[in-house]
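Below is one structure, written out as structure tokens, with a few remarks after it.
Below, chains carry the letters A, B, ... as their sequence lines are ordered, and counting in each starts from 1.
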Amino acid sequence: MPIVSYFIKRFLQAAFVVVVVSLLVAFAIRMTGDPAMMMLGESANITEADLHNIREQMGLNRPFLVQYWGFMSGLFSGDLGDSFFRGAIAPLIWQAMKATMLLAIISLGVSMLISLPLGIYAARHKNSWGDQCIRILSLTGLSFPNFWLGIMLMLLFSVTLKWLPVSGFSGASSLILPALTIGIILTASNLRIIRSAMLEVLNSQYVMVARAKGLSEHRVIYRHALRNSAITIITYLGLQFGALMGGLVVVELVFNWPGMGTLAIESIAQRDYPILQTVVTVLAMLIVFVNLLVDVAYVMLDPRIRLE
Amino acid sequence: MTSLLTPILDVRNLTLAFGKMPVVNDLSFTVNQGETLAIVGESGSGKSMTSLAIMGLLPHIGGRVDSGSIEFKDEGKIHELTSLSDDDFRRIRGNDIAMIFQEPMTSLNPVFSIGSQITEALELHRGLKGAEAENEAARLLDLVRLPNAKAQLKRYPHQLSGGMRQRVMIAMAASCNPKLLIADEPTTALDVTIQAQVLQIIRDMQSELNTAVIFISHDMGVVAEMADDIIVMKRGDMIESNSAQEIILRPGTDYTRQLMAAVPKIGAMTGKSAPEKFDLIGQSEQAGSSGKPETAQQAEPTSKPDNKPFDNDDSPLVSLKKVTTHYPIRSGFWGKVRHRVHAAESISFDIYAGETVALVGESGSGKSTVGKTLQQLVTPAGGEILFRGQEMLSAPPEVRDRFKREIQYVFQDPYGSLNPRKTIKASLLEPMYHHGLVSDPARQVAELLESVQLPAEFASRYPHEFSGGQRQRICIARALACKPQLIIADEAVSALDVSVQAQVVNLLMDLQKERGLSYLFISHDMAVVERISHRVAVMYLGQIVEMGTRQQIFENPQHPYTQRLLSAVPMMDPLRKPQRPILDVEIPSPIRAIENPPLIHTYREINIGHIVAENLVLF
């Protein structure tokens, strides 16, 4: 059963990474200062008794590892406790997570719909006019900073043309601009990787053999070539996912999108560290989970891993 | 006789180009039903371009047909292939005209099963579906003698050896009973014994289906076995065309004679005790020699005795005593070592100063592992290696480093073994700096290049500017840079065209004479080994099965494996097309469970210095 042992190993690795990352997050957040002090703010008349009460109330005087254990078991049971200023954490995270995932999936999907056919076209017609244009567009897209691109799109479509809402979350139309901002940057980088992955495969002997069988060009490209380049493309997407999450934080802020990024920034501003710790830990777990999915995809795509 | 034949492919005045560069000029030939036409030439002669043009695949690698016609005749209908629409061509391609490519390792798509790759063509051209297609695929695999055909269908390319993959390719090409089969160097990447099998399978298929075959090769020896007619090409021009018998017995041009002289012929050295250089007519090294291809030039006797028997009085330069090298295979959840590759098992032999010992065997026989162990690239699990009488493995690091200098390695792939971003000069000087041998870099590099017959100006250039043969000379120069006593040449000429191969072999023999070098010559090619070696050790499944002087092994082979290796070498005899039984057994795997070690051979000495494993059973 090599495949079962492969999955168990990958799962244990992922679990280990989650433990290390969440420990680091918990530790780093406590390094930023005394949470009790932060909660009480900077007013002058704080007494030692107030601080003690707060610590007692929040469980801050328990040992670090006990607190960590409480946090992690809460995370997995869905009972995340209370924030300093905004009540229960669980519904906050749940709402933000839905908004962020909606944005991530829409922009990733749209980007793949554009970059896959264009990337394949560029690889098949290497050095043609079309390929040159695609490469220039891709480089242009890559060189925009995401916040600048977001603001420009907002100025054009919301402020000047007034076609779309400026910011916030009010129905499908408000999804368009943030998704477009992330989508353009994702598409630009996806295009490059799809083009080069396809180029490599198209030059291989087995593609020539597939053609020599008399298969249609469509079948050669979409069955024989794409299945092989998908291995490279999916690896890249897995690595990209972390960057995508980072980009989302900025873009959410620009469009005031009520997702994980906005929640994180708000809780930093308010020094609401229970929320911040949850947001960062959940995002890290999400990235680990997506890369675990990539490992599963490998197994389905590549018999050399499946039958090792 | 010719009048009875039905022409199936008619190529007229074909000119092919790559951008502005013409690659084939004004080529004309005809292929008849059931016959084999061989197109022979070296790399760059345009032979592969011609085959891709017939398949209509030239545009995919950036080439095009400039002028001329390719007519394919199919039951009265004539298709002009150069102007056929893409859709019409697809009905012919893979169906009426099929092709086998050179590299079996990369010809099959790694992510699809063998079965799905064969049934794909059956579904497309013959309309077979599901179980019907699968049964037909199994029948095709039976046809190419792949054992356990039904089970093979579910396997993936990476689970098959090169020889098995090439059989799958042939099955795929045969799937639609093609009228014309194009085989582009189908055996170049394979071991001789596997080559013999694959050639036999192609011949069997041809006689069964009455297929016409275009057989493309650079190797006159293989061509002589296969062809009815031969075309010789050089740099895009056809320079000779005739029946195979005529060309082989009475070659009409110097170039053809050169191609033939470069083919090592087994038995050419019968009765001679010393190694001999190839007689390369009309080429730089042998300019002005006589035009007779069959006479080999006698090497001058060297000061060292060429044929050292085992009971030599001198002490050997290198002595391997029961050297054993394993590669552990980790498996299971905890990655425990449960299996080992028994790559080299109890290997013992000596190499004397000025002597060439050849280590022959097929891929996976462990011969490279022995070389790598001797070069200290892998650590043996047991045994001892004595270098000039000193134990190598237990020696202090500085002594081991000196041994690394005195033993040098030349690898098989001249393209992969030079750093593409370093000049030749930098590559040559690197080991010399490490061993503190640099005094006057410019002069030393010039001398090294001259010693391998390359101009000193090459020093400032980069590897991509050179041909495979030139690169291999540079690699030899790099090995010489450390003033070694022993050079391990690991398939050092196997990747080269035959004519270049002969030149490099001659160079190695010249260097040996000048410098008293010893060689461990690792090769799967018996005919080259016969040329260059003083003594030969035959390896099979990690162990030596027979060892003796060159004459003992070639003129009186005792072990069945040695005999099989020898009989697999193509004969350049147009009157005799060898029929070889096709074995559907692969060499067993050297991977064994930890608790199940292999039986170690015991030997008997049948003559002075000629030892043979007592166990004569092969599988």
Side-chain angles (χ1 to χ4, degrees), chain A residues 1-13 123-128 131 197-234 297-308, chain B residues 48 51-52 54-57 59-62 86-114 116-118 120-125 154-159 165 168-169 172-173 175-176 178 182 184 331-335:
Chain A
M1 300 289 271
I3 195 80
V4 173
S5 132
Y6 171 87
F7 278 133
I8 294 175
K9 268 187 198 169
R10 284 286 175 277
F11 182 78
L12 289 180
Q13 277 174 5
R124 285 180 62 188
H125 302 89
K126 191 187 161 195
N127 294 337
S128 68
D131 178 32
M198 277 307 275
L199 261 184
E200 193 187 321
V201 172
L202 285 178
N203 283 329
S204 65
Q205 178 106 321
Y206 54 78
V207 166
M208 191 60 104
V209 171
R211 287 190 177 122
K213 278 194 217 171
L215 301 177
S216 69
E217 197 58 17
H218 185 271
R219 195 173 163 92
V220 170
I221 299 288
Y222 286 92
R223 187 176 148 87
H224 284 265
L226 190 58
R227 177 90 183 254
N228 279 281
S229 50
I231 297 166
T232 318
I233 295 169
I234 284 176
Y298 277 162
V299 171
M300 296 196 310
L301 284 171
D302 194 341
R304 285 164 293 188
I305 298 174
R306 186 159 68 231
L307 303 167
E308 181 60 24
Chain B
S48 293
S51 65
L52 289 177
I54 297 169
M55 289 297 283
L57 294 172
H60 288 294
I61 57 160
D86 221 35
D87 284 343
D88 289 337
F89 215 137
R90 271 205 295 277
R91 272 188 283 279
I92 294 178
R93 194 188 294 147
N95 190 17
D96 296 317
I97 307 180
M99 182 159 172
I100 308 167
F101 293 81
Q102 172 168 4
E103 287 289 337
M105 299 312 274
T106 54
S107 287
L108 294 167
N109 195 325
V111 302
F112 296 114
S113 68
I114 302 301
S116 81
Q117 295 190 53
I118 300 177
E120 193 175 30
L122 294 171
E123 283 163 17
L124 179 74
H125 295 297
K154 292 195 178 58
R155 300 181 78 192
Y156 287 86
H158 74 277
Q159 299 171 303
R165 290 189 209 191
V168 172
M169 272 304 292
M172 221 152 78
S175 62
C176 301
I182 302 173
D184 186 356
S331 59
F333 184 75
W334 301 109

Report summary line: The reported gap from CG in A:Leu202 to OG in A:Ser229 (rounded to nearest 0.5 angstrom) is 7.5 Å
Requested in this report: Measure across B:Ser51 and B:Met99 and return the closest heavy-atom pair with its distance rounded to 0.1 Å.
Outcome: OG-CE, 3.5 Å
Query raised in the report: chain B: which of A:Asn203, A:Asn228, A:Asp302 shares the most heavy-atom pairs with it under 4.5 Å?
Result: A:Asn228
**Report entry** Contact origin within A:Arg219 toward chain B - heavy atom pairs under 4.5 Å
**Finding:** side chain
Query raised in the report: B:Gln117, B:Met105, B:Arg91: which one forms the most heavy-atom pairs within less than 4.5 Å of chain A?
Result: B:Gln117
Report task. Check the surroundings of atom NZ in B:Lys154: do more than 12 heavy atoms from other residues, nucleotides or ligands lie under 6.0 Å from it? Result -> no
Query - Heavy-atom pair count under 4.5 Å with chain A, highest-scoring of B:Pro110, B:Ser175, B:Ala121 - result: B:Pro110
Report task. Between chain A and each of B:Leu108, B:Ile182, B:Ile61, count heavy-atom pairs under 4.5 Å; write down the option with the most. Result -> B:Leu108
Report task. Supply the atom-to-atom distance B:Asn95 CG to B:Arg90 CZ, rounded to the nearest 0.5 angstrom. Result -> 13.0 Å
Requested in this report: Heavy-atom pairs under 4.5 Å with chain B are the metric here; pick the option from A:Lys9, A:Arg223, A:Arg227, A:Glu217 that has the most.
Outcome: A:Arg223
Report task. Could you tell me which portion of B:Phe101 (side chain, backbone, both or neither) has an atom closer than 4.5 angstrom to a non-hydrogen atom of chain A? Result -> both
Query raised in the report: Atom NZ in A:Lys213, atom CE in B:Met172: separation rounded to 0.5 Å?
Result: 4.0 Å
Report summary line: Of all heavy-atom pairs linking A:Val207 and A:Ala225, the shortest is CG2-CB, 4.3 Å
